[in-house]
Amino acid sequence: MTDDDPAGDRDDHDGPAGDRDDPAGDRVDHDGPAGDRDGPQENPGWQGRDSDGEDRRPAKRPSGVPGSDGTDERGADAGNGRRSGEPDRRGSDAADGQPVPNRSEGAPARAGSGVDEGISTLAKQGSITFAGNVVNGIFGFAIVMLMTRFVSPSVYGLFVLATSVILFMQVFANLGLPLAIDYFVPQYLDDGDRGKAKGVIVQVTAAVLATSTLIAVLVAASAGAFADFFREPSLAVALVLLSVSVPMLACYRVLLTSFYSIKKLQYRVLMRDLVRPIVRFAVTYGLLVAGWGLLGLVTGYVVGLLVAITAGAIVFTYKAWDIVSARMERVAAWPVVSYSVPLAMTSVVFVLMGHVDYFVLGFFLDSDDVGIYRVGYMLGSGLMIIFSSLAPVFKPLIAETRDDTALVQSRFRVAARWIAGFTLPTAITLSLGASSYLAVLYTPQYAEASAVVALLCAAFLFNVTFGGPDGSLLQGMGYSRVVFANTLALFGTNLVVSAALVPLIGIEGAAIGSAAALFLVGVLTIGELYYLDRIHTFTRDFAKIVVAGVPAAIAGAPVVLFVRSDLVIVAVLPIVVVGTYALTLVATDAFTDDDARMAAEFGPSAPGWLPTGILK
C-alpha cells in the first residue's frame, strides 16, 4: 500500500503494511518499519534496540544457540508488563519476531524535573532519519523524473510490473533467513563468540544464494506465463533480464542485516541511500540518452544493485574484520530456520499488500495505466516522509514505557500533532495542485493521475496521524496480533475494492481501494487504542492543528482556480498554503511547551521563535 522504494534503492525489507518495497525503483519515502519501518517486515530483531542503536534486550539468553531450548528469547515473560489484575490482551510478539524490551529495566520515562526526556529523543533522532529520508526522496523523485521523460508510460509501467513480480518472488527466495542475522549475531557477539556470529552470516548467505538462484531460474522459465497472465508480451523479456537480480537482492539484504547486527547503520546508509541510487541514476541516464529504453531501466537497476553490494561487502569486511577473520563455527540450523521462516510467510502478506494495486491494474488494464498510477501514487505517498522519520524512534519510546498509559498517551499526542502539523499543509498543497505538480515534475500526460494524488493524500494524512499503516503505536505497546489483523484488513479491503472498481473506472478505482484500506485501518486503530488502553489524541490542542487547515485550503484554492501557468502554481501554491497555515497556528495559540522542547532539538534558537502561549 505505501510505497517503500521510490528510488529503487530499498530492497532491504519485504514491505510492511503499506510499504511498497521498490515497485518501480522510485522510492520517495520512508525508512521504514523496519529498516526502520517497524513490524515483522524487515527487521524484527532490530526492534529490541533503542533509537541510538543500543541493544535494549535483556541479557538473559540460553547457552549455545539462542532459543535452542525453546525458552522465550526475550528473556522476560511476555505477560510481565500487564497492569495488576488485567489480562494480557497483546499476544506474543514472537509471532512477528520482535523482542520486547524489559520494561522494568527501561530508561526513566521522566527526568527528575518531571519533563519527559522522550520528547527530546523523538525530535533528535527523528530529525536524523528525516534528513536521510529527504536525501533518499530527492534521488527517488529524480530517477522517476528521468524515466518518465525518456520512456513512455507504457514502458515505465512495464518496468513497474516487472519489478513488482521480482520483489514478490524474492520473499520466497530468501525465506526470511537474512532476518536471523541481526537477531542471533548480536547475541553471539555479546557473548564474545565471533566464530558462531560468522557462522550465522556464512550459513545464511550460502542458503539464500542457493534458494534465490533456484527462484531466479524459475522466474526466467515462467516469464512467458507471467506475460500471458498480464497480457503484456514484453513483460517476459523484462522478467528474464531482471531475474539475475533475485540472488543479488538476497545478498543485498544479507549485507544490510549484517550492518544492523554490528550496529553500524551509517554504512547501511552509505550502501543503500548513497552508492546505489547515485550509480543507478548515472547508469540509467547514460543508457536512456543512448536510446536503450526498457533495457536501460533494467541495466541501471542491476548495475546499481551490483555496485552497492560490492561497496557494502568491502566496507563490512573492513569494519567487521574481527568477525570476518574469526574461525567459523557452524551453528544449529533449526533455530535459525524456525525463527526466520514464519516471518517470511508473514512477509508474503505484506509484499502482496504493497503491490496488489499494481497487479490488479496490470491484470485489468494496460501497462501505461500502471505507469501513470505509479507516478500518482509516488507523489501522494510522499506524505509519509514525516511519519517514517518519527516512527523508528517513536516505537522504542512507547515500548520502554508501555505500562505508563499516561506517558504513552502524552508521547503519542505530541507525535500525532507534529505528524499532522507537517503533513496537513503538504497534503493540501499536493491535493489542490496535483495536476500542475504532475505536469511539471514529470510530463503533462501524467496529469491524468491528479485524482489519484488527491485521494491518496487524504488517506495517508488520516492514516499516519493515528499510527501509520504499520501500526507503530500498537506494535510499541505489544499488540502484535492486533497489528497483523489490521494488516489483513488492509490487504483484503484494498484487493476487493480495487478489483471491483478498476474495471469500471480505471486507475481511480485502485486509488479508491488503497484509500479505503488506509481509512479503515486508521479508524480501527483509533477504536483499538481507546478500547485497549483508553488512549486517544482528540484534544483542543490537536483540534487547532487540524482546523488550521481550513483557512489554508481556502487561501490556496484561488491560486489553482485563477492562475493558468503550471509553473506559477507549483511555485506560489506552497507559499500561500504553508504561510496561511502557519499564521493560523500562531493566531490560535496552537503551540505548546512540548512543541518548544521538540523544536529545541532542531536548533538552540528554535524555542525563541516558537510563539508558545502568546494568547495566555
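We use all heavy atoms of the structure for the numbers below, so side chains are in, but hydrogens, waters and symmetry mates are not.
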I need the minimum non-hydrogen distance between [X] and [Y], along with the two atoms involved.
X	Y	result
A162	L242	CB-CD1, 3.7 Å
A220	V240	O-CG2, 4.0 Å
L490	L518	CD1-N, 3.9 Å
F226	L235	O-CD2, 3.9 Å

Between [X] (side chain) and [Y] (backbone), is there a donor-acceptor pair under 3.5 Å?
X	Y	value
R417	A590	yes
S514	A511	no
T423	A420	no
R413	H536	yes
T493	A517	no
T284	F281	no
Y437	V570	yes
T299	G296	no

Is V375 close to Y156 at the side-chain level, that is, under 4.5 Å between some pair of heavy atoms? yes
If we only count heavy atoms from C-beta on, is the L249 to L167 side-chain gap below 4.5 Å? yes
When you measure from the centre of the six-membered ring of F363, is the NZ or CZ of R231 closer than 6.0 Å and no more than 45° off the axis? yes
Is the positively charged end of R272 above the ring of Y252, judged by distance under 6.0 angstrom from the centroid and angle within 45° of the axis? no
The ring-ring contact (aromatic ring centres under 6.0 Å, His included) partners of F422 (sequence neighbours excluded) come to W418
Please name all residues satisfying ring-ring contact (aromatic ring centres under 6.0 Å, His included) with F168, sequence neighbours left out, ordered by chain then number. F172
Scan for side-chain hydrogen bond (donor to acceptor under 3.5 Å, both in side chains) pairs involving [range], sequence neighbours excluded, and state none if there are none.
range	value
residues 439-449	T443-Q445
residues 555-582	S436-D566
residues 495-510	N494-S498

More than 12 heavy atoms of other groups within 6.0 Å of Y285 OH: no
Among pairs that include at least one residue of residues 502-528, which meet ring-ring contact (aromatic ring centres under 6.0 Å, His included), considering only residues two or more places apart or in two chains? F462-F519
